[in-house]
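First the structure, in the form of structure tokens, and then the observations on it.
Letters A, B, ... mirror the listed sequences (proteins, then strands); counts begin at 1.
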There are 2 protein chains.
Amino acid sequence: MNKKREGKTTSKIFDDHDHGICFDDAIEQIENYFLKKNLQFTPLRRKVFEILIKDHKPLGAYEILEALGRDGFSSSPPIAYRVLDFLMKHGFVHKIQGLNAFIACSNPNHSHSPAFVICRKCEKVAEVDERKSGISFASPNIENFEVEKTTVEMTGVCTTCSSAAIM
Amino acid sequence: MNKKREGKTTSKIFDDHDHGICFDDAIEQIENYFLKKNLQFTPLRRKVFEILIKDHKPLGAYEILEALGRDGFSSSPPIAYRVLDFLMKHGFVHKIQGLNAFIACSNPNHSHSPAFVICRKCEKVAEVDERKSGISFASPNIENFEVEKTTVEMTGVCTTCSSAAIM
DNA sequence: TCATAACATGTTATAACATAACACCTACTT
DNA sequence: AAGTAGGTGTTATGTTATAACATGTTATGA
Ligand SMILES: [Zn+2]
Ligand SMILES: [Zn+2]
Ligand SMILES: [Zn+2]
Ligand SMILES: [Zn+2]
């Protein structure tokens with residue numbers, strides 16, 4: 001078991017929403033995308049995505065593997081990593097580098113350079129839009145360098161956590 | 001041995017410079033800082049910093065350990081991780097999350113939220129100033145969230161690598 | 001329809017990265 | 001002297017990720 005991840009609280013930037021709709025929408029979007037691109041949305045891939053979007057929580061590969069095992073799938077490491085790589089390649093999953101964890105994308109519609117806000121107390125993670133994030137990618141290209149991928153992660157404490165307890 | 005890191009080429013954003021001076025300056029700066037803060041710049045800490053600043057290359061903890069071993073220090077993992085944590089805490093070393101590697105800071109003078117440019121071919125890494133990076137932290141605070149630390153890493157291909165070979 | 005290529009999943013083993021827990025030593029404090 | 005804090009060393013283990021190979025499954029297209 002992983003000792004680090006036990007998220008439990010909520011903050012304003014982690015928007016409340018009707019998760020039934022959210023979940024169904026996400027599944028529908030990925031289904032449509034896979035259909036359009038002639039990719040297979042296999043039971044395994046569907047299950048991994050469902051595990052991740054179930055409660056918007058970043059999960060480690062081995063946590064995903066446990067969940068897969070509980071649902072009757074193989075739970076050897078390459079299974080999870082391969083599916084995660086695939087889903088990441090198509091923008092439906094992102095890796096949170098600071099947590100060695102994976103999270104379902106919150107806006108798979110548009111191509112994006114996601115930024116993440118991570119509460120180090122509750123470990124909730126929000127994927128924020130570049131504009132909302134306070135970070136602007138003024139120029140995607142550094143001089144003499146072609147940027148292909150950006151990683152932006154902001155770690156701190158959300159209001160709920162900072163007001164809830166003595167630091 | 002680590003198979004991933006074998007950097008060898010050079011790009012414009014990775015500025016050429018008199019590394020003898022650079023090295024000596026860096027050592028002097030860290031010495032002064034430690035003196036001022038009443039911290040111990042022990043042989044071990046000095047050696048780790050020297051290993052890292054030696055050629056401005058990100059090194060994995062186990063590469064650092066090998067180097068320590070070669071220089072007569074203990075090379076069990078906690079040795080490296082402890083010293084690295086200490087040097088990071090004081091801003092003289094940064095971790096490159098995308099590489100699980102550590103690099104000596106390029107501007108330890110001012111407190112900074114470093115951004116890194118990483119060539120995925122030669123694996124050279126440049127620590128760039130926020131302003132030069134094309135990324136601006138317009139507002140360090142997200143609504144309802146206190147940002148304590150930001151991770152910004154831009155991965156791509158440097159001019160030298162992209163012009164050097166067929167992709 | 002049969003070969004074949006490409007994709008998908010499964011398995012074993014191992015590599016790579018990181019920390020826990022405890023021991024020992026030194027320097028400083030009271 | 002006894003106590004405290006900091007630094008280093010050691011053993012063991014925990015956590016994250018990939019290599020290599022086997023098997024099954026799904027297009028494709030002679
Ligand atoms: Zn939801
Ligand atoms: Zn996304
Ligand atoms: Zn230099
Ligand atoms: Zn720096």
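Between the CG atom of A:Leu65 and the C1' atom of C:dG10 there is a distance of 13 Å, given to the nearest Å. Between the CG atom of B:Leu99 and the C1' atom of C:dA18 there is a distance of 17 Å, rounded to whole Å. For the pair B:Leu44 CG and C:dC25 C1', the computed distance is 15 Å after rounding to whole Å. Between A:Ile79 atom CD1 and D:dT18 atom C1' there is a gap of 13 Å when expressed in whole angstrom units. Atoms CD (A:Gln40) and P (D:dT28) sit 11 Å apart, rounded to a whole Å. Nucleotide D:dG6 holds its P atom 17 Å from the CG atom of B:Leu87, rounded to whole Å. Regarding B:Leu84, its CG atom lies at a distance of 15 Å from the P atom of D:dG7, rounded to whole Å. Rounded to an integer number of Å, the gap from B:Gln97 CD to D:dT16 C1' is 13 Å.
Between D:dG6, C:dA8, D:dT8, one nucleotide has an atom nearer to the side chain of B:Val83 than all others, and that is D:dT8. Between C:dA8, D:dT8, C:dA18, one nucleotide has an atom nearer to the side chain of B:Arg45 than all others, and that is D:dT8. Minimum atom distance to the side chain of B:Thr42 is reached by D:dT8, of the listed D:dT8, C:dA18, C:dG10. Of the candidate nucleotides C:dA13, C:dG10, D:dT8, C:dA13 has the atom lying nearest to any side-chain atom of A:Pro77. With D:dA17, C:dG10, C:dT19 as the choices, the nucleotide that has an atom nearest any side-chain atom of B:Pro78 turns out to be C:dT19.
Between B:Glu31 and B:Arg46 there is a salt bridge, since a side-chain N of the basic residue sits under 4.0 Å from a carboxylate O of the acidic one.
Using cut-offs of 30° and 60° for the angle between ring planes, the B:Phe86 and B:His90 rings count as tilted.
Proximity of a side-chain donor or acceptor of A:Glu127 to a complementary backbone N or O of A:Ala115 within less than 3.5 Å is not detected. Side chain of A:His19 to main chain of A:Lys54: a donor-acceptor pair is present (N/O by atom type, distance under 3.5 Å, no hydrogens or angles).
Here A:Lys47 does not reach the OP1 or OP2 of C:dT9: none of its side-chain N or O atoms lies under 4.0 Å away. Remark: B:Tyr81 is in phosphate contact with C:dA18, judged by side-chain N or O atoms under 4.0 Å from OP1 or OP2. An OP1 or OP2 oxygen of D:dT11 is reached within less than 4.0 angstrom by no side-chain nitrogen or oxygen of B:Ser76. Checking the phosphate oxygens (OP1, OP2) of D:dA17, a side-chain nitrogen or oxygen of A:Asn100 falls inside 4.0 Å.
In terms of position along DNA chain C, the nucleotide closest to A:Ser75 lies nearer the 5' end than the nucleotide closest to the other residue of the pair A:Ser75 and B:Asp85.
For B:Arg82 against D:dG9, a side-chain N or O and a base N or O form a donor-acceptor pair under 3.5 Å.
In this structure, the aromatic ring of B:Tyr62 is positioned over the six-membered ring of the base of C:dC17, centres within 5.5 Å and planes within 30°.
In this structure, the side chains of A:Val48 and A:Leu84 come closer than 4.5 Å at one or more pairs of heavy atoms.
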